[in-house]
J.: 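Starting off with a structure, shown below.
Numbers restart at 1 for each chain; the letters A, B, ... are given by sequence-line order, proteins then strands. The structure presented is a predicted model; accordingly, all values stated were derived computationally and were not measured.
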There are 2 protein chains.
Amino acid sequence: MAVPTPDETILGLLAYQAQHGYQLLDTFQNPTQLGAVWHMSTSQIYAVLKRLEQQGWIQGQSVDVDDAPPRIEYRLSAPGQQRLDQWLNDPQPSASIRRVRVEFLSRLYIAHLLKHPAQALIARQRAACEVEHARLMTQREQSDSSIGGLALELHIAQIEAILQWINRCETRVYPPTHA
Amino acid sequence: MAVPTPDETILGLLAYQAQHGYQLLDTFQNPTQLGAVWHMSTSQIYAVLKRLEQQGWIQGQSVDVDDAPPRIEYRLSAPGQQRLDQWLNDPQPSASIRRVRVEFLSRLYIAHLLKHPAQALIARQRAACEVEHARLMTQREQSDSSIGGLALELHIAQIEAILQWINRCETRVYPPTHA
DNA sequence: ATAGGGCTATTCTAAGATGGAATAGCTGCT
DNA sequence: AGCAGCTATTCCATCTTAGAATAGCCCTAT
């Protein structure tokens, strides 16, 4: 899976409370919530839900309400909860620019929602980025001035920006206590 | 088209010299060439070539060689050349993180290959990123501390890293003359 | 010779993603 | 009743994508 998928994020939302597709859609379209991170079309939400149910991580149940069409409410199963914990505690989060933006932010969002401590999560992400940074720095030594060299410089600049942002991000989530 | 496509880059490669799919594949898999920027599978190259031919931007001709299977050599058509020029001189290049990484680097690569002056191209990319940066800064003022706020901070950090990189990139392509 | 191994070069195929239209239940208004 | 407009889901046609399959060509070993 090279590209981040919303799967675990949806597990997190369902861990917070059982929901149906349309409701999830709202969360992903509100720019002050996950809309700031993912762009998801209607059908994609439902496709993910179907996939998660097939995996056995969630299960849906049709619910009749009296002022709207019937809906399918999904709730997390035990294996789903396990998968979610695994994701939140991923010891080696990806350090790819794209995935930090999408996956790490989602992890933070879900952790906050579930009152899951975020500090360890942030620390692991920083560690992963530092490792990647070191790797790129050794690569830099044998780099030429080709397009590959430019790409490498850009990549390094982006990772460094992320590392600085993570530090600020941490003080924002856990503000230093005043003396 | 939200996601960058290799279409114009391939036009550029064919403008440099007529080629067949397998040959292009090499360029995209060599990490010192475009392999540093794009990841393309076999079938994707051929799919793009088919699409470009349908658009009328390139035309293929089967060529028999005596020490290998016959190949289809593609060359740029006049409309293709026009499209390529348009792309190289795009007055408003995208400032999205992903597209700068992929599309701008490709433009630089192709410009270098075709001995097309890069200075204007770099200037336009910088301008686009500065506009985007300004836009994000005004957004920052009305930003809250939600996930959207964090995402915004990250986005700003990334754009700033890109702007600094572009400056270094420029002095690398056009080194300042020694006094 | 010829069968196989290893290149070059392209096509095929099946699975998955995507956006948007279509469907369908429900309420309230005219 | 009929229609507009909201909620909720499914359907569909199209496009990607990775990898397997096909196939021409050369060389070497038997």
Side-chain angles (χ1 to χ4, degrees), chain A residues 1-10 13-14 17-30 34-35 37-55 57-75 98-99 102-103, chain B residues 1-10 13-14 17-30 34-35 37-55 57-75 98-99 102-103:
Chain A
M1 237 190 289
V3 162
T5 65
D7 294 33
E8 291 83 3
T9 305
I10 288 187
L13 293 173
L14 295 181
Q17 63 171 25
Q19 292 184 67
H20 54 104
Y22 203 73
Q23 221 172 336
L24 290 166
L25 201 58
D26 256 8
T27 306
F28 280 97
Q29 280 177 349
N30 185 335
L34 284 171
V37 172
W38 300 89
H39 299 97
M40 297 242 282
S41 66
T42 314
S43 45
Q44 205 180 341
I45 292 267
Y46 289 100
V48 171
L49 288 173
K50 194 165 287 178
R51 188 168 59 223
L52 292 177
E53 186 166 37
Q54 274 190 338
Q55 295 265 332
W57 289 336
I58 64 178
Q59 55 188 4
Q61 190 185 356
S62 185
V63 174
D64 283 6
V65 286
D66 51 352
D67 64 338
R71 50 181 73 151
I72 304 174
E73 210 173 68
Y74 289 94
R75 61 186 63 249
R98 182 102 171 280
R99 296 190 70 145
V102 173
E103 203 169 11
Chain B
M1 237 191 288
V3 161
T5 65
D7 294 31
E8 292 84 2
T9 305
I10 288 186
L13 293 173
L14 295 181
Q17 64 171 24
Q19 290 183 67
H20 54 104
Y22 202 75
Q23 221 171 337
L24 289 167
L25 200 59
D26 256 8
T27 306
F28 280 96
Q29 281 178 347
N30 184 335
L34 284 171
V37 173
W38 300 89
H39 299 98
M40 297 244 279
S41 66
T42 315
S43 47
Q44 204 181 342
I45 291 270
Y46 289 100
V48 172
L49 288 173
K50 194 166 289 177
R51 186 167 62 224
L52 293 177
E53 186 166 35
Q54 273 189 337
Q55 296 266 331
W57 288 336
I58 64 176
Q59 55 188 1
Q61 190 187 358
S62 184
V63 174
D64 283 6
V65 286
D66 51 353
D67 64 340
R71 50 180 76 151
I72 303 174
E73 208 174 68
Y74 289 94
R75 62 186 62 245
R98 181 103 172 279
R99 295 190 70 145
V102 173
E103 201 168 13

J.: Does D26(B) have any side-chain hydrogen bond (donor to acceptor under 3.5 Å, both in side chains) partners at least two apart in sequence or in another chain, and if so, which?
T.: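 Here no residue qualifies.
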J.: In this structure, how many angstroms lie between the C1' atom of dT8(C) and the CD atom of Q19(B), rounded?
T.: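 That distance rounds to 15 Å.
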J.: Atom CD of E73(B) and atom P of dT8(C): how far apart are they, to the nearest Å?
T.: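 To the nearest whole Å, that distance equals 17 Å.
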J.: By side chain to side chain contact (heavy atoms under 4.5 Å, CB included), which residues pair with I72(A), not counting sequence neighbours?
T.: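 Scan of I72(A) (side chain to side chain contact (heavy atoms under 4.5 Å, CB included), adjacent residues dropped) gives Y74(A).
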J.: Are there over 12 heavy-atom neighbours, none belonging to Q55(A), within less than 6.0 Å of that residue's CD?
T.: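 Count over threshold, so yes.
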J.: Can you list the residues that meet the side-chain hydrogen bond (donor to acceptor under 3.5 Å, both in side chains) rule with E73(B), with sequence neighbours excluded?
T.: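 Here the qualifying residues are R75(B).
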J.: Would you indicate what I72(A) reaches in the nucleic acid, counting non-hydrogen atoms under 4.0 angstrom: base, sugar-phosphate, or nothing?
T.: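 Sugar-phosphate, backbone atoms only, no base.
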J.: How would you summarise protein contacts on nucleotides 12-20 of chain C per nucleotide, using B for base, S for sugar-phosphate only and - for none, with heavy-atom distances below 4.0 Å?
T.: B----SSBB
J.: Please identify each residue that fulfils salt bridge (charged side-chain N to carboxylate O under 4.0 Å, His left out) with R98(B), with sequence neighbours left out.
T.: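 None.
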J.: Taking side chain as C-beta onward, heavy atoms only, is F28(B) less than 4.5 Å from I10(B)?
T.: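 They are in side-chain contact.
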J.: Calculate the interatomic distance between W38(B) atom CH2 and dA18(D) atom P; express it in whole Å.
T.: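 Checked: the CH2 to P distance equals 13 Å.
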J.: What are the atom names and distances for every N/O pair under 3.5 Å that joins the protein to nucleotides 24-26 of chain D?
T.:
residue : atom : partner : partner atom : Å
dC25(D) : O3'  : D66(B)  : O            : 3.2
dC26(D) : OP1  : D66(B)  : O            : 2.6

J.: dT8(C) C1' sits how many Å from Y22(B) OH, rounded?
T.: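 Spelled out: OH on Y22(B) to C1' on dT8(C) is 5 Å.
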J.: Reckon Y46(A) has a side-chain N or O less than 4.0 Å from the OP1 or OP2 of dT9(D)?
T.: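 Affirmative; the distance criterion is met.
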J.: Can V65(B) and D67(B) be said to form a side chain to side chain contact (heavy atoms under 4.5 Å, CB included), step by step?
T.: CA-CA 6 Å; V65(B) 286; D67(B) 64 340; 4.3 Å; yes
J.: Determine whether Q17(A) and Q19(A) satisfy the following criterion, side chain to side chain contact (heavy atoms under 4.5 Å, CB included), listing intermediate values before the conclusion.
T.: CA-CA 6 Å; Q17(A) 63 171 25; Q19(A) 292 184 67; 4.0 Å; yes
J.: Whole angstrom is fine here: how far is it from CD in Q29(B) over to C1' in dA18(D)?
T.: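 After rounding, the gap between these two atoms is 13 Å.
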J.: Within the 4.5 Å heavy-atom criterion, are V37(A) and T9(A) side-chain neighbours or not?
T.: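 SC-SC contact between V37(A) and T9(A) ruled out.
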J.: To the nearest Å, give me how far apart NE2 (H20(B)) and P (dT10(C)) are.
T.: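 It is 6 Å, rounded to the nearest whole Å.
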